[in-house]
There are 2 protein chains.
Amino acid sequence: MSHVGYYCLMAVDRDHVLRSAAALLTHKATATLDEVARAAGISRATLHRHFAGREALVRALEALGIEECEAALDAARLEDGPAADAVRRLVRELEPAAGLLSFLYTENQLFEGEEQNEGWARLDERISALFRRGQLSGEFRIDLTPAWLTEALFGLIASGAYVVLSGRVAPKDFHHMIAELMLGGALRTESAEEPRNEES
Amino acid sequence: MSHVGYYCLMAVDRDHVLRSAAALLTHKATATLDEVARAAGISRATLHRHFAGREALVRALEALGIEECEAALDAARLEDGPAADAVRRLVRELEPAAGLLSFLYTENQLFEGEEQNEGWARLDERISALFRRGQLSGEFRIDLTPAWLTEALFGLIASGAYVVLSGRVAPKDFHHMIAELMLGGALRTESAEEPRNEES
DNA sequence: CCCACGTGAGACATCAATGTCTCATTGCAG
DNA sequence: CTGCAATGAGACATTGATGTCTCACGTGGG
């Protein structure tokens with residue numbers, strides 16, 4: 001029996017469809033299921049065999065986004081070294097998921113319902129813990145709450161993805177823009193704090 | 001003839017409807033036209049007499065948002081004094097429009113079409129000019145482009161409106177959160193730069 | 001009083017997206 | 001070769017939002 005091949009094929013196809021959908025919906029959130037299917041190179045019927053409907057597709061994208069974020073958090077080793085460096089690693093690791101996050105960010109369907117994926121709360125908590133650690137160690141200012149810093153980080157990542165997508169900023173500047181604005185702000189400082197970077 | 005009364009009544013009603021719609025759509029972007037009408041205290045028929053359809057309504061909201069932003073920019077006197085203070089004034093003036101901006105920000109219908117309101121470009125240009133002025137005067141760092149700083153400011157305002165709406169941050173902290181993160185970043189600095197504020 | 005006007009309520013048609021079905025085709029394994 | 005499984009194409013019904021219409025009501029001015 002070919003069950004092994006069957007499952008494997010479905011899995012890889014499902015993932016491919018999901019990523020195509022993410023790429024399309026990122027810059028056209030109202031795309032038709034037919035357009036989503038075409039973008040993935042399959043028919044609407046097959047798309048419907050993978051995902052019961054638009055709702056299910058969006059939920060799957062949400063799960064994928066959460067999964068990628070958690071992988072990024074793991075890879076960034078948020079507990080190691082200076083908190084500021086951890087933030088830089090985090091932004092770097094989060095970059096591949098930025099487009100998907102930008103889409104999910106605008107899909108407020110996900111948050112207005114009664115039950116929302118608890119994965120977001122887990123992510124929020126882990127990132128908030130990083131900012132809290134930085135505050136306790138004296139690296140970060142204490143007048144901005146970890147909750148706000150976390151939300152602002154997501155907001156800046158979404159903005160960064162959008163501005164890169166629109167072509168106004170080069171993709172290679174993504175990390176630097178976000179991490180350095182997040183950490184150092186727009187003001188120029190005398191302390192040799194952030195001037196070192198790989199810009200341009 | 002009662003034309004004066006007629007026009008006046010229509011104008012005030014239209015504005016009231018627009019603001020009710022903005023408030024509702026801000027936290028439920030997919031609200032039905034019927035819900036929008038109820039929120040404004042009128043019937044769907046009357047709503048349709050004011051705005052030809054959802055498209056027209058969103059366009060009107062866009063125009064309102066741009067109008068309020070331009071008024072905020074005027075009131076903030078971006079050309080006066082230190083650029084950092086101008087940014088603080090700008091955030092303060094922009095706060096009343098934050099919810100509406102947050103809605104428009106996620107309504108990517110407005111930007112994917114071929115023709116988009118040139119008001120956004122004007123606003124972008126004026127705010128970019130402020131950041132450019134700050135860079136030329138030595139106040140702002142030059143490794144972050146004015147275009148990115150402008151986009152980031154809008155992103156932070158949208159994030160701030162969202163986080164206030166969700167109740168995780170008090171409305172009174174809105175200015176401080178956004179302006180100080182935008183200017184100073186998360187890092188704690190020795191230079192007596194931003195510690196003075198009206199926090200808590 | 002009487003009329004004009006704005007309004008609310010609702011009926012009705014329309015339209016786009018979607019859910020569901022069938023059927024022919026393709027490709028692959030036995 | 002033969003049959004199974006997945007697919008693509010398309011027909012069809014459904015659903016929800018929307019556009020459009022009519023009609024009765026009430027209110028304010030002449």
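Every chain is numbered from 1 and lettered A, B, ... according to where its sequence line falls, protein lines coming before strand lines. What you see is a predicted model, and the numbers here were worked out from it, not measured in a lab.
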Before accepting this row, confirm whether a basic side-chain N of the pair B/Arg188/A/Glu139 lies closer than 4.0 Å to the acidic partner's carboxylate O.
-> no

Hey, does the side-chain of B/Arg44 have a donor or acceptor N/O within less than 3.5 Å of a partner on the base of C/dG10?
-> no

Between D/dT7, C/dT7, D/dT20, which nucleotide has the shortest distance from any of its atoms to the side chain of B/His48?
-> D/dT20

Give a yes/no on whether any side-chain N or O of A/Ser43 is located under 4.0 angstrom from OP1 or OP2 of D/dT7.
-> no

Would you call A/Arg19 and A/Asp15 a salt bridge, taking side-chain N to carboxylate O under 4.0 Å as the test?
-> yes

CG of B/Asp13 versus P of C/dG6: gap in Å, rounded?
-> 11 Å

Would you mind reading off the distance between A/Leu47 atom CG and C/dG19 atom C1', rounded to a whole angstrom?
-> 12 Å

B/Leu136 atom CG: more than 12 heavy-atom contacts under 6.0 Å = yes

Rounded interatomic separation in angstrom, taking CG from B/Asp34 and C1' from D/dG19 = 14 Å

Is A/Arg54 touching bases, backbone alone, or none of the nucleic acid, heavy atoms closer than 4.0 Å?
-> sugar-phosphate

Take A/Ala45 and A/Thr30, find for each the nucleotide of DNA chain C with the closest heavy atom, and name the residue whose nucleotide sits nearer the 5' end.
-> A/Thr30

Given atom NE2 of A/His50 and atom C1' of D/dA6, what is their separation to the nearest angstrom?
-> 9 Å

Contacts of B/Ala23 meeting side-chain contact (heavy atoms from CB on, under 4.5 Å) (sequence neighbours excluded), chain-then-number -> none

From CD1 (B/Ile157) to CG (B/Leu153), nearest 0.5 Å = 4.0 Å

What is the distance, rounded to the nearest whole Å, between atom CG of A/Leu33 and atom P of C/dG19?
-> 6 Å

Phosphate OP1/OP2 of C/dG8 contacted by B/Thr46 side-chain N/O (<4.0 Å) | yes

Send over the distance from A/Glu55 CD to D/dT15 P, rounded to a whole Å.
-> 18 Å

Take atom CZ of A/Arg49 and atom P of D/dT7, then tell me their distance rounded to the nearest Å.
-> 7 Å

Whole angstrom value for the distance that separates P of D/dT7 from CZ of A/Phe51 = 12 Å

